[in-house]
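A note on names: the letters A, B, ... follow the listed sequences, proteins ahead of strands, and every chain is numbered from 1. Computed from heavy atoms alone, side chains included, the values below leave out hydrogens, waters and symmetry copies.
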Protein chains: 2
Amino acid sequence: MQTTGDQHLVKKINKTIVLEAIKKESPLSRAQLSEMTGLNKGTVSTLVSELIEEKLVYEIGLGRSSGGRKPVMLLFNKTAGYAIGVDLGVRYLLAVLTDLDGKIVSERQVELERSEAGYVLPVLANTVRSLADAAPDSPYGVVGVGIGVAGIVDDKGTVLFAPNLEWRQVELQRLLAEELELPVTIGNEANAGALGEMQYGAGQEASDLVYLSVGTGIGAGIVVGGRILPGTGGFAGEIGHTTIEQNGRKCSCGNKGCWEQYASEKALLEAAKPLGVERLGKLVELAESGSTEAIRLFHEVGESLGLGIANIVNTLNPDLILIGNQMTRAEPWIRSSIERVVTSRSLPFHRKQAQIRFASLDTHSTVLGSAYDAISAFFSKDRISL
Amino acid sequence: MQTTGDQHLVKKINKTIVLEAIKKESPLSRAQLSEMTGLNKGTVSTLVSELIEEKLVYEIGLGRSSGGRKPVMLLFNKTAGYAIGVDLGVRYLLAVLTDLDGKIVSERQVELERSEAGYVLPVLANTVRSLADAAPDSPYGVVGVGIGVAGIVDDKGTVLFAPNLEWRQVELQRLLAEELELPVTIGNEANAGALGEMQYGAGQEASDLVYLSVGTGIGAGIVVGGRILPGTGGFAGEIGHTTIEQNGRKCSCGNKGCWEQYASEKALLEAAKPLGVERLGKLVELAESGSTEAIRLFHEVGESLGLGIANIVNTLNPDLILIGNQMTRAEPWIRSSIERVVTSRSLPFHRKQAQIRFASLDTHSTVLGSAYDAISAFFSKDRISL
DNA sequence: AAACTTTGTATATCGGTTAAACAAAGTTTT
DNA sequence: AAAACTTTGTTTAACCGATATACAAAGTTT
């Protein structure tokens, strides 16, 4: 059944609360911690001294007095360990080494010439190892590796299907964990992006947000009450394949009228072919130089994006929609079309609460979210997830 | 900040676990409880004796021995109190009195001649009072009133907008709580339906389900991990106004191509007008008597329903979709169309996990869900929500 | 210099769980 | 039928963590 309660649980809860507070609001004194958490001063003292023992927190010195003894200020020891985040994309692999606060220490980008698992896996493992070697000495070393994959991943870390990589049934988690001898977490690319933006980017104030990864296809990372919505099998978010036109354009999934046939980068580039444009950067340049045709194409794709976003807004009533991945680069050209269509197609009460923004971590949402996944797994060992 | 942990919290957690276990699996002995919850025998003993003290549990006598002392069997005292659930619909009001286990003890149905709050509220209050008077004597009496409204309700129990009732900004929770001097909970009709089916109906095994209230419009109660997904403002689920056809039929919301213009009871009856049919029952009769035209209409509406359901399946990866409200009556005529379209339009992995069923409580999903809402509020006072 | 404030630790108490012992009430074996 | 074993449920002691309170340390203000 459920986890029952005992003193250990209580301690876990409180210790997590204290650590989380230090992470977010530091520098902080024990007295302030007691004040803001509601925990007794003595309790905070013992928990903090344990955290110091564990090298997760340290004292930075005395703070300003407000009419009495000076407080001892505490800081989260962000370099107590390091994490590795990977974005396993279509023809590339982006990997970063971060400290426990998500700050990038080192970065690698690798072009993937082929996509079979037999080729990709060794490259991936080598890249990760090279980053791990680059990690500074620290009490905990590399605490884990998080990987975001553009595909359907189950809760055991098996890639069930990744259309762009042409992978089926690849037991990524098991294979990598064995190879690297490190804790490995596997997640969907859009979910990782959502996590990344929520922790380190534009989604830090939102609790119900939807991160849209708009690239070759469209995937969504749905966050409800601060947590990723996984769905039963762990593959919620395949929103690119929702129908917005009953008898619309054919999709690779075998269906007709899928949203991503109208609103993805791929759809945009398809429409831009007559202009002799093959890459998004090129189309942006054209728009910048005043090409009305290019601008029209952006407006069209913006409208299609807006339509699907309005559907999300009506269904999930989020407070924030974040547009991420490649399409962030088109922000100046699509923003107003999106806003307009969302306003016209969503219900007033829902529209009022929903902000629409672009991912602030740019191309790094997924990679940082993956790193956070690893960090989070490390912390949840003897802590509780809030 | 968050709730910190102490012994009281631990006790709350464990007591809730024990009570919940007795509710669901009774009759049960203390030894069995200890076994299944993992709690120590002594702990279970003290918790159970408190629950007995509180009249929520009682001993029914000795059970079968399995080679030792006979166990004392415990039962949940479902008549320790009663709850009232109300479904505030378009031209009617359905209200039930239930025991704490959701069993209906008494029922009232009232036709509403007019829809203004000034008319409806007194009728509602009188109906509730009459049901409350009908409640048998019990330790806790009527523990609360839950109301499901076909409209947008905020988290404070104010009906922001109910198109069919033509209500705007009606502070239902406050007004009723003052009038009735009872705890009142207000919820959306589809959310209540989802709760009802999840607790007492076809959704008891599912943890990620979507209840579709298909009537005049289409609303969804989305359940994620056993909990209603509220959205930021509390009005998630307005899925009837998602676009499935970019330039489709005009909708009362001012938009074009809304799902409910194709898949609701209203849409069906609109299409049935040429047949001289004005009510769903009539159309069902026609289909039963073999009218190919009527059957065709059902197939069409089934296909439209299937399309939107496929969108839900791809987006949320639920394990169960429940079709409720009026459209349940059309099950034999629409089921296969729905299944077919969902299968063709949703992704294989998602489809495999998603069952599609019809609400098993029929017209009582909402009213029972509302009652459960009230029961749940009563229990969460000195317990924790699991 | 005296009085007040704030910080952080130490100590006693409290409330809850657990483990272990045990009594009560069975069944099985001989 | 007695002895041996089993199962149930209570009791007791020990433990653990939080809280309240007192207090020491280290400031600031008057």
Side-chain angles (χ1 to χ4, degrees), chain A residues 1-19 21-22 26-53 57-74 382-384, chain B residues 1-19 21-22 26-53 57-74 382-384:
Chain A
M1 281 199 79
Q2 304 94 329
T3 30
T4 55
D6 62 358
Q7 316 95 306
H8 297 90
L9 178 73
V10 170
K11 189 161 189 180
K12 259 188 179 180
I13 293 173
N14 293 339
K15 201 163 173 181
T16 310
I17 289 175
V18 167
L19 182 59
I22 298 177
S26 65
L28 228 47
S29 69
R30 291 171 175 78
Q32 282 175 292
L33 278 168
S34 168
E35 174 78 12
M36 63 190 285
T37 60
L39 290 166
N40 183 279
K41 288 197 294 174
T43 309
V44 170
S45 262
T46 52
L47 293 177
V48 165
S49 64
E50 282 184 33
L51 289 168
I52 290 177
E53 191 85 11
V57 165
Y58 62 97
E59 302 183 330
I60 192 159
L62 298 179
R64 284 263 295 276
S65 157
S66 60
R69 172 174 164 181
K70 286 183 176 171
V72 179
M73 303 315 280
L74 303 167
D382 40 21
R383 272 160 206 85
I384 212 163
Chain B
M1 283 201 77
Q2 305 94 329
T3 29
T4 55
D6 62 358
Q7 315 94 309
H8 297 90
L9 178 74
V10 170
K11 187 162 189 178
K12 259 187 178 179
I13 293 173
N14 293 341
K15 201 164 172 181
T16 309
I17 289 175
V18 168
L19 181 58
I22 298 177
S26 64
L28 226 48
S29 70
R30 290 169 176 80
Q32 283 175 292
L33 278 167
S34 168
E35 174 79 13
M36 62 190 287
T37 61
L39 289 166
N40 183 278
K41 288 198 295 175
T43 309
V44 170
S45 261
T46 53
L47 293 176
V48 165
S49 64
E50 282 184 34
L51 289 168
I52 290 176
E53 191 84 9
V57 164
Y58 62 98
E59 301 182 332
I60 193 159
L62 299 178
R64 283 265 294 275
S65 157
S66 60
R69 173 173 163 181
K70 287 183 177 170
V72 180
M73 304 314 279
L74 303 167
D382 41 22
R383 271 160 207 86
I384 213 165

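Here B:V72 lies in heavy-atom contact (under 4.0 Å) with sugar-phosphate atoms only. Residue A:S29 is in sugar-phosphate contact alone, with no base atom involved, counting any heavy-atom pair closer than 4.0 Å across all strands shown.
Looking only at side-chain heavy atoms (C-beta outward), A:Q7 and B:V10 stay at 4.5 Å or farther from each other. By the 4.5 Å heavy-atom criterion applied to side chains, B:L74 and B:E59 are counted as neighbours. A 4.5 Å side-chain heavy-atom check between B:N14 and B:V18 finds every atom pair outside the cut-off. At least one side-chain heavy atom of B:V57 sits under 4.5 Å from a side-chain heavy atom of B:L19.
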Footprint string (nucleotides 18-30 of chain D, 5' to 3'): B base within contact, S backbone only, - free, heavy atoms under 4.0 Å = SBB---BBBBS--
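In this entry the distance linking NE2 of B:H8 with P of C:dT13 reads 18 Å, nearest Å. In this structure, B:E50 places its CD atom 15 Å from C1' of D:dT10, rounding to the nearest Å. The distance from atom CD of B:E59 to atom C1' of D:dG9 is 10 Å, rounded to the nearest whole Å.
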inquiry  = Only Watson-Crick and G-U wobble pairs with both distances less than 3.5 Å should count. Give DNA chain D in dot-bracket notation, marking inter-strand partners with |.
reply    = ||||||||||||||||||||||||||||||
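Note on A:R30: a side-chain N or O is less than 4.0 Å away from OP1 or OP2 of C:dT9.
Of the possible polar contacts, none joining the A:S34 side chain to the A:R30 backbone as a donor-acceptor pair under 3.5 Å is found.
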